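One-based numbering, in listed order, for ligands and for the atoms of each. Predicted model only: the values in this text are computed from it and were never measured.
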Amino acid sequence: MAKLAILEFPDPRLRKRALPVSAVDLEVRRLIDDLFETMYAAPGIGLAATQVDVHRRVLVADVSSDGSDPHALINPVILQKDGVAVSEEGCLSVPGYYEEVERAKHIRVRYQDRSGAEIEKDFEGLLAICVQHEIDHLDGKLFVDYLSEAKRSRIRKRLLRDQRQSSTAAIL
Ligand code: GNR
Ligand code: NI
């Protein structure tokens, strides 16, 4: 297993649209293991392959407090959305910022699991929010895209400044 580096906004690689996984093989299962290791270490409740610069439609999530409810979704498609839920979101690719975002409250998703089996499952609560946030990543979309241009550009400027500072600190 390996912990992978997480891309940070406004890195243009976060804007790439991930391609479907054609076969759930050993390489995909290894990617899933690495995504879980990276997500738990961060720590976060979800992680999309896009965030580690792998542009394939794979995401992981676990909203439990003890790592007891891992979900790996390959080629996820939202079949149905119901209700509205507003919650405070954060993102490992936008570190330090938390803002309210409106999502569907319940979703029905079709995907393949790590054995390649076709699954249809209903998600609700924080897990539904998280899966929508991760599928957005696979489409090159970030939660800051739901904010005003003013807020988004303030976040972009501050993160760029932080990123320059930490890359300069490494040579001082
Ligand atoms: O760790 C995370 N927490 C979170 C909180 C509210 C809504 C979505 C998330 S996902 C985020 C991890 C992440 O950036 N996944 O892409
Ligand atoms: Ni995120």
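Counting non-hydrogen atoms of other residues, nucleotides and ligands closer than 6.0 Å to CZ of Arg156 gives a total above 12.
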For this session: Take Arg110 and Glu120 through the salt bridge (charged side-chain N to carboxylate O under 4.0 Å, His left out) test and state the conclusion after the steps.
Result: CA-CA 4 Å; Arg110 175 183 294 155; Glu120 261 188 49; 3.1 Å; yes

Problem set entry | CA sep, side-chain torsions, deciding dist, call: Asp33, Arg114, side chain to side chain contact (heavy atoms under 4.5 Å, CB included) | CA-CA 10 Å; Asp33 291 341; Arg114 64 175 295 142; 3.0 Å; yes

Exercise. Checking side chain to side chain donor-acceptor pair (under 3.5 Å) for the pair Ser93/Glu8: CA distance, chi angles, key distance, verdict?
Worked result: CA-CA 4 Å; Ser93 296; Glu8 293 187 4; over 6 Å; no

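Of all the heavy atoms in Cys130 and Val63, the pair that sits closest is CB-CG1, 4.4 Å.
A 4.5 Å side-chain heavy-atom check between Val94 and Leu159 finds at least one atom pair inside the cut-off. Within the 4.5 Å cutoff, the side chain of Val58 has heavy atoms near those of the Ile32 side chain.
The aromatic rings of Phe123 and Tyr111 sit tilted relative to each other, their planes meeting at an angle between 30° and 60°. Using bins of under 30°, 30° to 60° and over 60° for the plane-to-plane angle, the ring pair Phe36/Tyr40 lands in the parallel bin.
The set of protein atoms (N, O or S) found at less than 2.8 Å from the Ni ion (ligand 2) reads Cys91 SG, His133 NE2, His137 NE2, by chain and number.
Within 4.0 Å of ligand 1, the residues that place a heavy atom are Gly44, Ile45, Gly46, Gln51, Glu88, Glu89, Gly90, Cys91, Leu92, His133, Glu134, His137, listed by chain and number.
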